[in-house]
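This report concerns only the one structure given below.
Keep in mind it's a predicted model, so treat the numbers as computed, not measured. Sequence positions, counted from 1, serve as the residue numbers for this chain.
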Amino acid sequence: MGRIAYVNGRFVPHREAAVHIEDRGYQLADAVYEVWAVMGGKLADAEGHFARLERSLAELRIRPPMSRKALEMVMRETLRRNRVREGLIYLQVSRGVAPRDHAFPGDDVQPSLVMTAKSLDRAATEAKAAKGVAVVTVPENRWGRCDIKTVGLLPNALARQQAREAGAYEALFVDELGMVTEGAASNAWILDRDGVLRTRDTNANILRGITRRTLMDVIAEAGLPFQERPFTVDEAKAAKEVFVTGAGSLVMPVIAIDGEKVGDGTPGPVAMRLRRLYIERARETAI
Ligand code: PDD
């Protein structure tokens, strides 16, 4: 059975799925997206991702293409048609198709909505987590509204490519003060020398990760010391543990930064415990 995509009201074979060349998402990155982890055929952290999607749309004044309820129904149908039990669902809304002009088109232009779903081999990602991953650091060079989840991901794509060429999994952006902002597609965390879990605060120019938010609840319940406080690359290199979070990575231990070992160069016990607790919680609350 081939993959099926949803494009503007129709389910179509993935290889034939297309939008118009004058879609504003294609020409101007005038579009937002969301990614949900799928666990047991259900949506993980569903509410948080829906709420952020609605916020991203509102910030850009893109009309929601349909109600949340209708969106959820289409998502479930996309998962069913692709037989995805474990994996990811991707959803993108652009401002629509209109003759190229930077300013917004008229209200008659309908937003475009596309969705794809893919299966992931959870055993393979568990094996990856058990080994840990390497990251590289790159200068922060993104626009000032990284809190909006837009498809304007060129700096993120270039950073990820740099990571791949260095044999690393993720790139961490570092601001002009030497502080880590976040990963190219994840939020960054450390367990510092004092045993305090730290991640960048959301006053900074970062995406308010939904996995990050849920993990904060998990950490509070586990009674672990935690602060929303910036850390430098040097602090990360000297930390007891480092990890990144996201709908794709879940909680992924980092064992090297720019080729330098973190701790003894193996996944830390706190990161591995948080990974287990996060996944348990996400499976229990998935809808
Ligand atoms: N990325 N920061 C950035 C820049 C991201 O792109 C993502 C998610 C995150 C983590 O957010 P969340 O926990 O809500 O997934 C942080 C998705 C998975 C992606 O681009 O594929």
Side-chain angles (χ1 to χ4, degrees), residues 1-14 16-19 23-25 30-97 109-120 122 125 147-151 153 185-187 207-218 245-250 278-287:
M1 191 200 66
R3 286 180 71 197
I4 302 289
Y6 173 89
V7 184
N8 291 324
R10 296 197 309 144
F11 287 100
V12 292
H14 191 272
E16 290 163 25
V19 292
D23 189 282
R24 290 177 63 91
D30 188 2
V32 303
Y33 75 104
E34 263 308 326
V35 182
W36 286 254
V38 179
M39 297 181 173
K42 297 178 180 175
L43 305 171
D45 278 335
E47 166 63 31
H49 288 281
F50 278 117
R52 187 173 62 191
L53 173 66
E54 286 157 12
R55 178 180 179 276
S56 295
L57 289 168
E59 289 293 323
L60 298 183
R61 292 192 281 149
I62 297 176
R63 199 158 11 107
M66 55 178 75
S67 69
R68 187 193 287 200
K69 206 162 172 213
L71 212 53
E72 216 181 298
M73 276 174 58
V74 179
M75 288 168 72
R76 293 198 195 287
E77 184 61 14
T78 304
L79 291 178
R80 193 188 69 76
R81 289 189 187 230
N82 288 282
R83 297 185 193 172
V84 173
R85 302 287 302 166
E86 296 296 324
L88 292 170
I89 185 158
Y90 175 89
L91 179 160
Q92 179 175 324
V93 182
S94 86
R95 200 181 303 278
V97 176
V109 172
Q110 298 289 322
S112 303
L113 172 62
V114 308
M115 273 180 225
T116 55
K118 73 170 177 189
S119 294
L120 284 181
R122 292 272 179 227
T125 32
D147 59 308
I148 308 174
K149 199 162 172 62
T150 82
V151 303
L153 292 174
S186 60
N187 291 109
L207 186 74
R208 297 165 193 181
I210 305 303
T211 316
R212 171 189 182 281
R213 179 60 255 176
T214 298
L215 194 66
M216 281 165 55
D217 295 340
V218 168
T245 58
S249 302
L250 305 178
Y278 172 76
I279 293 173
E280 268 172 29
R281 150 88 63 125
R283 283 196 186 283
E284 274 165 21
T285 58
I287 58 165

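For the pair G96 and S112, the tightest heavy-atom approach, listed with the atom from each and the gap, is CA-OG, 3.7 Å. Residue K42 comes nearest to I287 through the heavy atom pair CB-O, 3.2 Å, listed as atom of the first residue, atom of the second, then distance. Taking each heavy atom of A17 and A5 in turn, the nearest pair found is CB-CB, 3.8 Å. The two atoms that bring G41 and L79 nearest to each other are O-CD1, 3.8 Å, heavy atoms only. When every heavy atom of E86 is checked against every heavy atom of G40, the shortest pair comes out as OE2-N, 2.7 Å. Scanning all heavy atoms of the two residues, the minimum distance from A18 to V7 falls at O-CG1, 3.6 Å.
Side-chain atoms of T211 and N187, non-hydrogen and from C-beta on, never get closer than 4.5 Å to each other. You'll find the side chain of I210 stays beyond 4.5 Å of the side chain of W36, heavy atoms only. Looking only at side-chain heavy atoms (C-beta outward), I89 and N82 stay at 4.5 Å or farther from each other. With contacts defined as side-chain heavy-atom distances shorter than 4.5 Å, the pair L120/L88 qualifies. Side-chain contact between L71 and L91 is present, with at least one heavy-atom pair separated by less than 4.5 Å. Side chains of L43 and R76 form a contact here, defined as non-hydrogen atoms less than 4.5 Å apart. Looking at heavy atoms from C-beta onward, D147 lies in side-chain contact with R55 at the 4.5 angstrom threshold. A heavy-atom distance below 4.5 Å is not found between the side chains of E54 and V32.
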Derivation of the side chain to side chain contact (heavy atoms under 4.5 Å, CB included) call for T245 and M216:
CA-CA 11 Å; T245 58; M216 281 165 55; over 6 Å; no

Applying side chain to side chain contact (heavy atoms under 4.5 Å, CB included), run through L60 and R95 and close with a yes or a no.
CA-CA 9 Å; L60 298 183; R95 200 181 303 278; 4.0 Å; yes

Test side chain to side chain contact (heavy atoms under 4.5 Å, CB included) applied to M39 and E284, step by step
CA-CA 9 Å; M39 297 181 173; E284 274 165 21; over 6 Å; no

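Using a cutoff of 4.0 Å between basic side-chain nitrogens and carboxylate oxygens, E72 and R68 are not scored as salt-bridged.
Considering CG of D23 and CG of N8, their distance stands at 8.0 Å, rounded to 0.5 Å. In this structure, R281 CZ and D217 CG are separated by 5.5 Å, a value rounded to the nearest 0.5 Å. With rounding to the nearest 0.5 Å, the separation of CG in D45 from OG1 in T214 is 3.5 Å. Separation of atoms OG1 (T285) and CD (E280) is listed at 11.5 Å; rounding is to 0.5 Å. Distance CZ/R81 to NE2/H14: 14.5 Å, rounded to 0.5 Å. Taking OG of S186 as the reference point, atom CG of L207 lies at 10.5 Å (rounded to 0.5 Å).
Under the 3.5 Å distance criterion, the side-chain polar atoms of E34 are left unmatched by any main-chain donor or acceptor of Y90. The backbone N or O of A31 lies less than 3.5 Å from no partner atom in the side chain of R24, so there is not a single donor-acceptor pair. Between the S56 side chain and the K149 main chain, a donor and an acceptor come within less than 3.5 Å of each other.
Ring geometry, Y6 versus F11: the interplanar angle exceeds 60°, so the pair is classed perpendicular (tilted spans 30 to 60°).
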